[in-house]
Student: 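Submitted below is the structure of interest, expressed as structure tokens.
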Amino acid sequence: MRLSWMIGGAQGLGVDTSANVFGAAVARAGYYIFGSREYFSNIKGRHSYFNVLLSDSPQHSVNSTVNILATFDAETIFQHYDEVTDFLIYDKGVEAMTIDKVRSLEPEIAVKAAAILEKAGLGISIADVVKFLEKKGVKCIGIDYGPLMKDIINQLKMDPFVAEKARNMLCAGASFGLLGLNQKYLLDAIKSTFKNAKIAELDTLAAQAGFKSVQNSYNLKELPIKGHRVQLDGNTISAIGKLYGGLSFQSYYPITPASDESTYIEANQVLKTSDGKTRGVVVLQTEDELAAINAANGAALTGARAATATSGPGFSLMNEGISWAGMNEVPVLVTYYMRGSPATGLPTRSGQSDLLLAVNVGHGEFTRIVIASGDHAEVFSDAVMALNLAELCQTPAIHIIEKTLANAYAVMDEETITSGKFKIERGKLISPGDPENYKRFELTEDGISPRAPLGHAHMYYTGDEHNEYGHITEESENRIAMYEKRIKKGQLVFKVLQENQMANSVGSSDTVILTWGSPKGAILDAMEELKAKGISVQMVQVRLFSPYPSELMAKLLSGKKRIIAMENNYTAQGARLLTENTGIKPTHYVLKWNGRPMTKDEVVSSISDVVKNDTKKVVLNEGK
Amino acid sequence: MKVNEQLEFNDWCPGCGDFGILRSVESALSELKLDYTDAVLVSGIGCSGKLPHFVSGPIAGVHTLHGRALAFAVGIKLSNPKLNVVVDAGDGDTFGIGVGHFVSAGRRNVNMTIIVHNNGVYGLTKGQASPTLKRGEKTKSLPEPNINDPINPIALAISSGYTFVARTFAYNIPLSKEIIKQAIQHKGMAFVDMLQPCPTYNDINTNEWYKERVYEAKVDYEVKDQSEVIEKMNQAIKLAYPSDEKIPLGIFYKNSLTPSYGERISANISNYEDYYPSMQEIEESSAPITSIDSMVQARRVV
């Protein structure tokens with residue numbers, strides 16, 4: 001089962017909080033959750049929404065439609081009414097509001113929303129939307145938010161300005177009531193979310209009032225739970241993965257949607273270790289991304305596991321520093337939160353348009369490790385893996401996490417990250433026996449030299465071409481040897497990674513959906529529905545993009561009837577890398593570049609279209 | 001024949017101020033008994049950037065990127081606070097492409113030293129005007145006189161929060177060595193404005209030109225009480241804008257009362273100085289040893 005719930009409202013009015021509480025409450029009743037957050041580059045006032053998918057099994061995507069649209073303002077209704085299938089929860093106090101009065105509504109959306117209503121012979125007020133929806137069979141539940149909130153405010157004698165913000169929880173309470181689950185789950189979730197007793201009481205009363213306003217409609221049953229489950233967003237799970245993987249230095253410059261990772265690390269910078277010690281992680285907020293990458297480079301030279309986190313604009317600035325790291329064989333990790341490009345682009349929306357930038361970042365030819373995670377569990381394991389690969393190969397590593405994953409949360413089994421199956425591999429990190437005659441760039445068979453931290457040996461680093469000691473030389477034969485060293489070291493990656501860490505293959509079919517990153521979730525969630533329609537597909541999700549696993553990809557894709565490249569960009573960059581490295585070309589394309597995540601329904605409809613009609617290219621556009 | 005790891009020569013122009021700076025740095029390191037075990041020389045790009053490669057004796061050198069030496073240095077120092085980090089960078093490097101890092105390093109008061117090789121030109125790219133060249137001056141390879149106003153490095157350092165600010169002249173090796181030693185020993189961010197002739201491209205500010213103007217200023221530069229900070233900063237800035245043609249050398253400002261960045265980190269991480277990032281154990285027989293239990297449990301929903 002998949003039930004889609006969406007809550008929307010003005011940024012700053014608790015949309016996130018209510019979605020987190022609602023999700024936690026549903027999770028307490030035994031359901032798995034995938035929650036996706038969409039918001040403007042704005043702090044207060046613009047429309048933001050949270051789409052929560054609940055299910056009896058782990059989910060990784062959202063739907064194109066919503067079963068329950070939970071609202072406490074007019075704008076959310078105008079934005080999303082055409083997506084609702086079952087219930088609209090709305091404020092009776094805004095019934096008279098018309099589309100033209102909502103100034104924060106983007107004009108393009110206002111025109112579209114009005115056109116649908118006018119075509120149905122209706123006006124453009126919320127009351128008209130309600131009529132429109134009722135006709136479609138959607139039940140509209142009008143709640144008198146104003147009087148209900150007034151009662152609570154009087155009861156608690158609170159400042160109305162503060163208390164009015166609990167409308168979000170009233171809305172969440174009403175939503176929860178529709179599900180038919182025991183109210184205690186919601187109240188428990190509120191209690192553990194709000195530490196301030198007065199606020200907890202306020203939100204409890206609001207949730208109860210909402211709960212009472214509706215009737216059980218879905219009749220959901222509590223599900224048995226084995227072990228613990230955690231609710232984690234992509235930023236947080238990346239941070240935890242890096243810390244677990246031994247990170248001890250993180251530099252960053254503020255940028256959406258990357259900064260939350262760094263601030264989380266700083267908030268948790270004192271860590272206990274199993275040898276009875278505590279270790280502190282230095283988090284440095286730098287003056288710019290040039291400083292962020294190069295401070296991380298410096299930290300890595302001392303032997304610390306060092307990283308930075310950024311997004312497109314910052315990553316562009318890091319080019320030169322990453323090039324230096326390649327030249328000097330520095331194990332540094334860049335966690336790359338990919339958002340809508342180019343330039344400032346869509347700073348709070350998602351995209352996969354910078355993959356080719358990541359694999360080519362920095363001037364010059366050298367090994368860059370580039371890996372891309374497809375879901376929250378992979379974000380964790382890839383963070384550890386990226387730190388390992390950087391150090392094993394002594395070269396910069398880039399870990400791509402799209403905004404779609406960064407700001408989405410998943411409820412997952414705790415053992416996914418605490419199973420103890422993860423390893424830390426530090427490669428040829430040494431303290432040399434003869435530190436005065438140490439050669440930092442000693443030529444070796446595999447291209448990787450024993451690496452001593454600064455302070456442990458007489459040594460030199462330089463961005464100029466250098467000899468084994470790290471001194472500048474422009475001599476031709478040395479140049480040839482060092483150049484080759486920096487490239488051939490990448491081969492080690494193929495020896496240490498398992499096949500599914502390079503490319504993840506699910507199912508078996510002569511129709512392959514070739515993808516990477518977040519579309520993985522929508523594809524996996526769609527496979528069953530496709531099968532029921534008689535369409536069997538195999539998903540091949542590339543996780544390692546540099547060095548490229550050409551042999552494995554050729555093995556996985558040779559002889560396939562259809563290879564459908566499915567990506568969140570215009571030119572299918574992941575597929576271009578496949579062609580460049582193997583000569584294999586996709587037969588079909590399903591592409592989406594509107595900044596919104598791929599939905600399960602889009603996968604079903606587009607793949608059906610490709611398979612049934614041999615449509616060569618499908619362009620997707622769901623999501624507000 | 002074996003190619004030694006020590007370079008036996010260097011490739012600066014004859015008469016370059018860098019020779020004097022190299023000698024001062026070497027002597028300071030040697031008198032402070034610093035080598036690769038406890039010191040790192042970090043440099044930028046340009047003629048000055050090559051300095052670590054030319055130092056005799058076993059040191060560690062990190063020749064970085066144009067403008068970014070300080071950024072690297074901060075990362076090195078914060079990860080291993082036991083290392084004495086000395087940055088050598090040019091005036092274009094520090095006050096042009098890297099000026100943001102210069103200001104930010106002052107704000108943090110990181111316990112390290114930057115020596116800026118200040119010769120008014122971009123030497124290694126054939127003599128363009130640097131941010132310290134005066135407006136109206138036309139050095140040898142400029143097509144027209146410089147139309148930018150110069151930065152005053154001392155005033156910029158003071159206003160950025162540097163807690164040790166000094167100026168010396170490349171060919172006054174005894175003074176330069178002494179100032180570098182004090183800068184290294186200072187607990188905080190130290191800046192040494194190293195005036196230097198460029199015999200190839202700066203035909204105005206020559207060795208002789210400097211020798212006619214430089215003198216050792218004797219001022220009471222040290223902040224002994226918090227109440228003196230503004231007064232001593234003003235004094236240093238005034239000295240940096242002399243009313244005559246003379247160029248004062250020496251220590252302009254010193255404040256040991258401002259907490260260093262390491263001390264600020266220690267306020268959040270109590271064992272930072274004893275168990276800093278570069279020495280931390282993170283695995284045992286490849287198994288991670290960092291506990292994430294509290295973070296994971298905080299996100300438990302059931």
Side-chain angles (χ1 to χ4, degrees), chain A residues 24 27-28 225 228-232 240 243-246 248-249 251 268-275 277-280 282 284 287-288 290-291 294-299 301-305 320 324 411 414 417-418 422-425 436 453-455 457-463 469 471-472, chain B residues 3 5 7 35-38 40 42 45 50 52-53 58-65 67-68 70-80 82-83 100-101 103-104 265 268-269 271-272 275-284 286-296 299-302:
Chain A
R28 279 161 197 261
I225 299 166
H228 291 291
R229 289 182 191 161
V230 286
Q231 182 177 4
L232 285 160
I240 297 176
L243 294 173
Y244 188 57
S248 60
F249 182 93
S251 50
N268 293 278
Q269 68 186 158
V270 178
L271 301 161
K272 287 197 162 53
T273 50
S274 60
D275 55 3
K277 292 182 183 151
T278 60
R279 67 180 192 90
V282 169
L284 178 70
E287 52 274 25
D288 52 36
L290 307 167
N294 292 315
N297 278 339
L301 298 182
T302 71
R305 279 202 159 178
E320 193 188 24
W324 194 93
V411 167
E414 194 171 301
I417 54 177
T418 56
F422 305 101
K423 281 195 160 52
I424 288 182
E425 292 168 282
E436 306 243 337
L454 287 174
H458 177 202
M459 66 172 100
Y460 299 91
Y461 286 96
T462 175
Y469 294 101
H471 275 309
I472 301 168
Chain B
V3 179
E5 73 273 19
L7 292 190
D35 61 18
Y36 67 83
T37 62
D38 46 17
V40 180
V42 180
I45 292 295
K50 298 178 182 178
H53 292 283
I59 58 111
V62 183
H63 181 201
T64 69
L65 290 165
R68 315 294 158 225
L70 272 173
F72 279 83
V74 169
I76 292 168
K77 181 68 187 180
L78 298 186
S79 295
N80 186 346
K82 293 290 179 281
L83 293 172
H101 307 312
V103 171
S104 301
I265 292 174
N268 297 329
I269 304 171
N271 66 344
Y272 167 66
Y275 200 46
Y276 41 84
S278 75
M279 68 185 292
Q280 290 172 9
E281 295 292 341
I282 56 170
E283 49 90 29
E284 198 188 332
S286 296
I289 62 167
T290 303
S291 170
I292 52 170
D293 293 349
S294 63
M295 287 176 275
V296 172
R299 302 287 165 144
R300 242 183 216 170
V301 279
V302 283

Student: Under a 4.5 Å heavy-atom cutoff, which of Gly246(A), Gly245(A), Ala299(A) has the most pairs with chain B?
Tutor: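 Max contact count across the listed options: Ala299(A).
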Student: Can you name the closest pair of heavy atoms from Leu83(B) and Gly455(A) and give their distance?
Tutor: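 Smallest heavy-atom distance, with atoms named: CD2-CA, 4.0 Å.
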Student: On a heavy-atom basis, which atom in Glu436(A) and which in Tyr36(B) lie closest, and how many Å separate them?
Tutor: OE2-CE2, 3.6 Å
Student: With a 4.5 angstrom heavy-atom cut-off, which part of Asp38(B) approaches chain A: side chain, backbone, both or neither?
Tutor: neither
Student: Measure distances from Ile240(A) to the heavy atoms of chain B and classify the residue's part below 4.5 Å as side chain, backbone, both or neither.
Tutor: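 It is both, since atoms from each part get that close.
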Student: Just wondering, do Thr64(B) and Asn294(A) contact through their side chains at under 4.5 Å, heavy atoms?
Tutor: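 In short, these two side chains do not touch, never coming nearer than 4.5 Å.
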Student: When Tyr244(A) is tested against each of Ile282(B), Ile292(B), Val296(B) for side chain to side chain contact (heavy atoms under 4.5 Å, CB included), which residue passes?
Tutor: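 Result: among Ile282(B), Ile292(B), Val296(B), Ile292(B) is the only option passing the side chain to side chain contact (heavy atoms under 4.5 Å, CB included) with Tyr244(A).
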Student: Hey, does Ile472(A) have a side-chain heavy atom less than 4.5 Å from the side chain of His63(B)?
Tutor: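 Yes; the side chains approach each other to less than 4.5 Å.
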Student: Within this structure, what is the OG-CG distance for the pair Ser294(B) and Asn268(A), rounded to the nearest 0.5 Å?
Tutor: 6.5 Å
Student: For the candidates Thr273(A), Asp288(A), Ile424(A), which exhibits the highest count of non-hydrogen atom pairs separated by less than 4.5 Å from chain B?
Tutor: Ile424(A)
Student: Where is the tightest heavy-atom contact between Val301(B) and Gln231(A), given as atom of each residue plus distance?
Tutor: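 Minimum heavy-atom separation between Val301(B) and Gln231(A): CG1-OE1, 3.2 Å.
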Student: Set out, in order, the CA-CA distance, both residues' side-chain angles and the distance that settles side chain to side chain contact (heavy atoms under 4.5 Å, CB included) for Asn80(B) and Leu454(A), then state yes or no.
Tutor: CA-CA 9 Å; Asn80(B) 186 346; Leu454(A) 287 174; over 6 Å; no
Student: Are any non-hydrogen side-chain atoms of Tyr272(B) and Val282(A) less than 4.5 angstrom apart?
Tutor: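 Heavy-atom side-chain distance check passes, below 4.5 Å.
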Student: Answer with side chain, backbone, both or neither: which region of Ser251(A) has an atom nearer than 4.5 Å to a non-hydrogen atom of chain B?
Tutor: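 Ser251(A) has no heavy atom closer than 4.5 Å to chain B.
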Student: Shorter than 4.5 Å, heavy atoms on both sides: which option in Thr37(B), Val74(B), Leu65(B) has the most such pairs with chain A?
Tutor: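 Top option by heavy-atom pairs under 4.5 Å: Leu65(B).
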Student: If you take all heavy atoms of Pro277(B) and Gly280(A), which pair is closest and at what distance?
Tutor: CG-O, 4.3 Å
Student: Counting heavy-atom pairs closer than 4.5 Å to chain B, which one of Trp324(A), Tyr461(A), Phe249(A) comes out on top?
Tutor: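 Option with the top pair count is Trp324(A).
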Student: Find the one option among Ile417(A), Thr418(A), Leu284(A), Val411(A) whose heavy-atom pairs under 4.5 Å with chain B are most numerous.
Tutor: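 Answer, by heavy-atom pair count under 4.5 Å with chain B: Leu284(A).
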Student: Pick one of side chain, backbone, both or neither for Val62(B), based on which atoms fall under 4.5 Å of a heavy atom in chain A.
Tutor: both
Student: Which atom names give the shortest non-hydrogen contact between Ser104(B) and Glu287(A), and what distance separates them?
Tutor: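 Heavy atoms of Ser104(B) and Glu287(A) come nearest at OG-CB, 3.1 Å.
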Student: Nearest heavy-atom pair of Pro288(B) and Lys423(A): which atoms, and what distance?
Tutor: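 Scanning both residues, the minimum pair turns out to be CD-CA, 4.3 Å.
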Student: Could you look at Glu414(A) and say if it's the side chain, the backbone, both or neither that has a heavy atom under 4.5 Å from chain B?
Tutor: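 Answer is side chain: those atoms of Glu414(A) sit under 4.5 Å from chain B.
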Student: I need the Lys277(A) NZ to Gln280(B) CD distance, nearest 0.5 Å.
Tutor: 9.5 Å
Student: Does some side-chain heavy atom of Lys50(B) sit less than 4.5 Å from a side-chain heavy atom of Thr462(A)?
Tutor: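 Counting from C-beta outward, Thr462(A) and Lys50(B) never come under 4.5 Å.
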Student: For the atom pair OG (Ser291(B)) and CZ (Arg279(A)), what is the distance rounded to the nearest 0.5 Å?
Tutor: 10.5 Å
Student: Below 4.5 Å from any heavy atom of chain B, which atoms of Ala296(A) appear? Answer side chain, backbone, both or neither.
Tutor: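 No part of Ala296(A) comes within 4.5 Å of chain B.
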Student: How long is the straight-line distance from NZ of Lys272(A) back to CD1 of Ile289(B), given to the nearest 0.5 Å?
Tutor: 13.5 Å
Student: What's the verdict on side chain to side chain contact (heavy atoms under 4.5 Å, CB included) for Met295(B) and Leu271(A), showing C-alpha distance, side-chain angles and the deciding distance?
Tutor: CA-CA 10 Å; Met295(B) 287 176 275; Leu271(A) 301 161; 3.6 Å; yes
Student: Would you say that Asp275(A) contacts Glu281(B) through its side chain, given a criterion of any heavy-atom pair below 4.5 Å between the two side chains?
Tutor: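 The answer is yes; the side chains approach within 4.5 Å.
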Student: Does any heavy atom of chain A fall under 4.5 Å from the side chain of Ile265(B), the backbone, both, or neither of them?
Tutor: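 When you check distances to chain A, only side chain atoms of Ile265(B) fall under 4.5 Å.
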Student: Please identify, among Arg68(B), His101(B), Glu283(B), the residue contributing the most non-hydrogen atom pairs under 4.5 Å to chain A.
Tutor: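 Maximum pair count with chain A is reached by His101(B).
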Student: For Ile225(A), which atoms come within 4.5 Å of any heavy atom of chain B: side chain, backbone, both, or neither?
Tutor: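 Ile225(A) touches chain B through side-chain heavy atoms alone.
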Student: Using non-hydrogen atoms and a 4.5 Å limit, figure out which bit of Asn268(B) sits close to chain A: side chain, backbone, both or neither.
Tutor: both
Student: Who among Gly303(A), Ala291(A), Pro453(A) has the most heavy-atom pairs with chain B under 4.5 Å?
Tutor: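 The residue among Gly303(A), Ala291(A), Pro453(A) with the greatest pair count is Ala291(A).
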Student: Distance check, rounded to the nearest 0.5 Å: Leu301(A) atom CG versus Phe72(B) atom CZ?
Tutor: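 The CG atom of Leu301(A) sits 7.5 Å away from the CZ atom of Phe72(B).
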